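These numbers come from the heavy atoms of this one structure, side chains and all, not from hydrogens, waters or symmetry mates. We name chains A, B, ... by the order of the sequence lines, and we start the count at 1 in each one. Remember, it's a predicted structure, so these values are computed and weren't measured experimentally.
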Amino acid sequence: MGRIVLKNIRKAFDAVEVIHGVDLEIKEGELVVFVGPSGCGKSTLLRLIAGLDTPTSGSIEIDGRDVTKAGAADRGLAMVFQSYALYPHMTVRQNLSFGLENQRMPKAEIAARVDEAARMLEIDELLGRRPTQLSGGQRQRVAIGRAIVRNPTAFLLDEPLSNLDAELRGTMRAELSALHARLSTTMIYVTHDQVEAMTLADRIVVLRKGVIEQVDTPLNLYNKPQNLFVAGFIGAPNMNFFKVEVKSGKAELPGGAQIAVVHEGPVTLGLRPQHLRLAQPEERAIAAEVFLIESLGAETVLHANVEGAGQIITVLDGQLDIARGAPIRLAFDDANLHAFDAAGQRIG
Amino acid sequence: MKTKIWLSGIALAAMATSAFAQDATQVRIMWYSDGIEGEVIADLLDRFEQANPDIDIILDNVAYQVIQEQLPIQLASGAGPDIARVTNLKAQAEHWLDLRPYVADPAYWDANFGDRFDWMREDGSNAIPGYMTQLTLTGGFANATLFEQAGVELPAHGATWDEWAEASRKVMEDQGLPAAFAIDRSGHRVAGPAISYGAKFIGEDGKPAPMNDGAMDFFTRLTDWTAQGLMLPEVWVSAAGTTYRAAADDFINAQIPFYYSGSWQVANLSGKIGDAFDWVVVGSPCGPAGCSGMAGGAAMVAVKYTKHPEEVARVMDYLASEDIVREFSERTLFLPAHSGIVAKGGLNFQSDDPMVPPAMNAYVAASAETLPEADRMPAWVWGNTVYGAIVTRISQVMAGELTIDQAREMMDRDIADQVEAAGQ
Amino acid sequence: MPLVLIARGLDPVLRLWQRCTGTGGMITFFLLPNMAIFGVFVIIPLVLNIIYSMTGGVDILLKDRSFIGLGQYGRLLECQDYLVSTTCREDQFWTAVRNTGTFVLFQVSLMVCVSMITALILNRKIAGRGFFRAVFFFPVLLSPVVVGLIWRWILQRQGLMNLIVTQLGFDPVVWLNDRFFAFSAAIGVSTWAHMGFYTLILLAGLQAIPKDLYEAAEMDATPASRVFWRITLPLLGPNLAVVLVLALIRGVQIFDEAYVLTGGGPGTSTLFITQYIYEVGFASFLRNPGLAAAASILMGLVLVVLTLIQLGLSRRAEKGNAR
């Protein structure tokens with residue numbers, strides 16, 4: 001229950017194609033996160049799965065059944081909208097019951113399901129209120145509740161936390177994770193926030209401009225990004241990139257550090273800010289000059305200029321006594337080095 | 001003809017150069033036209049203005065409904081024009097200026113217009129209220145061509161209303177017309193025929209008498225003819241209250257072979273029909289009591305609230321002079337109300353239309369057949385009240401809303417209410 | 001430019017004035033002209049009308065009339081059987097009241113339904129949507145006399161309607177001479193003339209409903225009729241209430257189009273209360289200004305009640321939106 005397969009999905013609005021051939025397989029009970037920058041097509045893809053839009057070509061299968069031509073009502077899915085889309089003139093109970101009434105369910109069963117969902121989400125005291133009388137977090141839970149009561153094949157969540165403030169977002173993230181563990185239903189979650197993606201997902205689908213860049217578990221995406229875009233997208237602060245020319249298996253980083261690369265020609269090397277450390281005097285290192293220091297208490301983010309190679313960012317533990325303009329030397333381990341070829345694809 | 005706008009422009013120019021020019025007295029005349037009288041009177045007034053540069057006449061040519069509905073309100077508030085052409089004379093007699101002290105020769109007025117002064121002034125008054133612009137007589141018009149085409153003979157002089165209805169019905173069926181005849185939607189129009197059936201509207205005490213059987217006899221006929229589809233329903237049935245509707249256009253378009261209206265329509269019909277078909281004036285069809293139409297007419301009266309009575313009197317003297325009345329009548333095809341002219345005879349009605357002279361002559365002849373009751377009506381204060389009640393209620397019977405008996409009760413009640421209200 | 005100088009010059013004067021009279025005084029000063037006009041052209045005539053309704057006689061000027069207290073009202077309301085107008089003292093008044101009541105009942109229902117349906121259709125992405133929105137609104141811009149005349153010419157004996165009818169092989173019908181048809185024509189013409197205005201109000205209300213509510217309903221597998229009755233209609237509630245009361249108020253005042261179209265006929269089947277007041281007060285030979293004034297006061301009371309309802313409803317709508 002809840003296996004969704006997308007085959008060669010294309011979507012065009014008038015003459016503009018926004019989704020260029022997406023293939024994806026979502027396993028039963030998985031929490032898959034669609035992540036990517038604005039305009040990458042993640043919400044569009046979600047709506048195609050929901051049935052609110054139809055793909056221009058390609059097919060969608062849910063549990064082996066082809067639903068490409070089926071309407072949203074016939075797919076057995078439930079959606080939580082970014083704006084919650086609660087019916088403002090109905091009470092919370094009526095909002096939750098509405099979809100079930102459409103299925104001609106007996107009243108007793110509707111009431112039972114509504115009560116159970118309300119208890120699960122701790123909104124049972126709010127059942128008599130109208131959405132306008134609820135706070136943002138409460139409304140969000142009602143929206144989730146509306147999806148839960150329908151016992152859907154899969155949940156579709158379209159940026160559900162983006163309208164909440166930061167603190168609430170953190171709490172809700174944990175609750176959603178717990179909910180997924182409890183219900184074990186497939187969830188497709190769309191967000192632009194990679195922290196949400198990394199923390200919630202079983203697998204992440206990274207999208208850019210209507211194309212899937214990589215599908216993998218969060219840690220795999222972090223440790224082995226398959227292309228430049230994913231490398232730069234996952235992880236904050238962003239990965240540092242250096243363009244180098246590899247000659248005879250050797251390349252030189254700014255500052256003289258020598259690296260061995262199994263490739264020839266132009267290569268982009270990447271190093272995460274967290275994988276740089278202050279170098280010991282004899283260590284191979286990159287030389288840079290600090291121009292910005294961000295002290296976060298537990299760690300310090302240094303922005304520095306590398307001569308001839310742009311900026312470098314590094315995250316160091318603790319609080320440091322470094323002044324602006326001070327020269328630093330940053331060392332790294334080869335194991336943490338990422339290399340990408342001229343086409344942006346991973347090497348090795 | 002100098003139009004109002006042209007005259008206003010001149011008035012403005014006159015004001016601008018007032019230091020040098022002499023101030024002309026403005027005399028405002030409110031006029032309505034059935035046919036071409038507007039142009040004729042404008043022409044006559046032009047000549048007066050040229051002969052009398054110190055008087056500036058403004059002629060407002062308005063719709064009849066304005067005279068009916070708006071003038072009374074102006075008069076009641078003490079305003080209004082200086083002179084007006086009015087049909088509702090007796091009921092508004094309190095507003096007319098007595099010209100006796102102002103006209104050049106009161107004896108001329110008494111001699112030539114005196115027999116109709118009672119139509120325009122309050123009972124017992126000796127005032128000179130104005131003069132009748134024309135005498136009108138109600139009567140019938142028949143489309144001779146349609147009768148001929150249907151092979152039906154025009155009923156002879158002295159034929160009854162029933163005979164006319166029957167003959168017209170035959171023409172209607174033969175020619176496939178929408179109706180056999182039509183009467184204008186007006187109580188005044190049917191009062192004459194009602195009197196021919198024995199109606200007596202004026203009570204012993206001068207107040208309205210209840211509707212008698214004679215009147216109801218004719219009204220019942222009217223409703224029956226409507227029910228049978230002989231009378232054109234659009235005229236009486238399709239408006240409410242006392243709204244006036246004329247059936248002239250339907251006669252002009254040869255939709256009905258017989259049309260009961262009045263002599264004021266002659267110029268209008270002549271102009272619009274042209275030589276499309278032959279038409280004749282047939283006087284009023286007969287009832288048991290007689291073959292009566294109703295005399296009436298509009299009068300030029302001076303308004304009491306004018307600021308320039310002497311100038312107004314000069315204009316009235318001019319318009320009432322024998323030559324002008326003769327010319328006016330001949331050009332507008334109206335029957336003059338000037339006793340002197342009628343006695344002298346020899347009116348040369350100006351029309352190229354061969355239908356007109358026999359038509360006018362037929363009316364002149366018919367004017368001798370009016371019953372005494374009909375002659376008293378124009379001078380009676382309550383005339384319009386009775387006409388209003390008749391047209392309101394009879395049209396409701398025609399529309400099927402009331403029975404004829406209910407209508408009889410209601411007409412009496414409406415009239416009594418109005419008499420009572422006037423006494424309050 | 002000179003206006004700016006004048007304004008600048010006036011500024012110190014007004015400031016001084018404001019200091020003397022206080023801000024409240026300034027407000028009164030600026031409102032005074034409008035209130036004066038309103039008072040002269042609305043309040044004073046209203047008071048005069050009430051006085052007229054308590055006088056008798058046929059004279060037009062108030063000073064010539066005699067005071068009879070509530071006599072006119074008594075005469076208007078005197079009836080043996082209120083449902084049968086011929087048993088009433090003023091049968092035409094009651095006919096007019098009944099006609100107006102029937103008219104309002106059917107015309108307002110028709111108008112609201114037609115406007116609702118049209119607004120729903122125009123809310124979708126159909127071809128020529130902008131064109132149709134304009135087309136439905138054009139009749140609202142027409143003068144009521146023009147509207148009445150157009151339809152009278154279409155429905156008269158030699159009119160367009162009969163042309164079509166005869167082409168189809170039937171006999172021509174004098175449409176406006178039939179009581180039922182004339183009344184229906186009055187309803188239809190009035191609806192045609194004003195529908196565009198209400199359609200626009202409802203359309204604005206429809207567009208204010210967020211689209212994702214409909215998508216949520218779609219995900220909930222809601223059939224179209226349920227979407228309309230349980231989502232669209234309740235959310236359109238305040239707009240609909242405003243439309244209803246506006247249409248009621250306008251419906252009670254029906255005059256221009258009907259008068260030109262049918263003149264009150266046939267008989268008195270399309271005689272409405274405003275025409276009755278006009279005729280009794282001004283046009284008829286049987287003129288009675290006091291009676292007309294009393295009738296107009298009664299009609300005014302009905303309108304006051306309707307307006308209060310509308311105010312109450314729109315206040316509730318405002319409160320709803322402000323949350």
Are B:Y259 and B:D250 close enough that a side-chain donor and a side-chain acceptor fall under 3.5 Å?
-> no
Under 4.5 Å to a heavy atom of chain B? For C:L291 that would be neither
Does any N or O in the side chain of B:R185 come within less than 3.5 Å of the main-chain N or O of B:W236, such that one atom is a donor and the other an acceptor?
-> yes
Within residues 151-163 of chain C, residues adjacent to chain B where the heavy-atom gap is under 4.5 Å = C:R152, C:R157, C:Q158
For B:W96, check ring-ring contact (aromatic ring centres under 6.0 Å, His included) against everything at least two apart and list the hits.
-> none
For a quick test of your reading: what N or O donor-acceptor pairs under 3.5 Å do the side chains of residues 46-53 of chain C make, sequence neighbours left out?
residue: C:N49; atom: ND2; partner: C:S296; partner atom: OG; Å: 2.9
residue: C:Y52; atom: OH; partner: C:I60; partner atom: O; Å: 2.4
residue: C:S53; atom: OG; partner: C:I50; partner atom: O; Å: 2.6
residue: C:S53; atom: OG; partner: C:Y73; partner atom: OH; Å: 2.8

For residues C:G57 and C:N288, report the shortest heavy-atom separation together with the two atoms involved.
-> O-OD1, 3.9 Å
Any ion pair linking B:D414 and B:R393 (charged N to carboxylate O, less than 4.0 Å)?
-> yes
Contact origin within B:Q70 toward chain C - heavy atom pairs under 4.5 Å | neither
Under 6.0 Å between the ring centres of B:F277 and B:F251?
-> yes
Find the one option among B:E401, B:E420, B:Q396 whose heavy-atom pairs under 4.5 Å with chain C are most numerous.
-> B:E401
Is a side-chain donor-acceptor pair under 3.5 Å present for C:H194 with C:Q107?
-> no
Side chain to side chain contact (heavy atoms under 4.5 Å, CB included) assessment of B:L146 paired with B:L177 = CA-CA 10 Å; B:L146 278 176; B:L177 299 168; 3.8 Å; yes
Decide yes or no on side chain to side chain contact (heavy atoms under 4.5 Å, CB included) for B:F201 and B:W382, but give the supporting numbers first.
-> CA-CA 9 Å; B:F201 297 114; B:W382 301 107; over 6 Å; no
What part of B:L402 gets closer than 4.5 Å to chain C, counting heavy atoms only: side chain, backbone, both or neither?
-> side chain
Flag the pair B:R413 and B:E409 as a salt bridge only when some basic side-chain nitrogen lies within less than 4.0 angstrom of an acidic carboxylate oxygen.
-> no
Using a strict 4.0 Å threshold on nitrogen-to-oxygen distance, state whether C:R98 and C:D91 make a salt bridge.
-> no
Would you please go through residues 169-188 of chain C and name the residues with a non-hydrogen atom below 4.5 Å from one of chain B, in numerical order?
-> C:V174, C:N177, C:R179
Chain C: which of B:G78, B:A399, B:A91, B:G400 shares the most heavy-atom pairs with it under 4.5 Å?
-> B:A399
Which of the residues B:Q406, B:M398, B:M410 is involved in the greatest number of heavy-atom pairs with chain C at under 4.5 angstrom?
-> B:M410
Tell me, for B:L232 versus chain C, whether the close heavy atoms (under 4.5 Å) come from the side chain, the backbone, both or neither.
-> side chain
Any side-chain donor-acceptor pair under 3.5 Å between B:Y32 and B:Q65?
-> no
What part of B:T385 gets closer than 4.5 Å to chain C, counting heavy atoms only: side chain, backbone, both or neither?
-> both
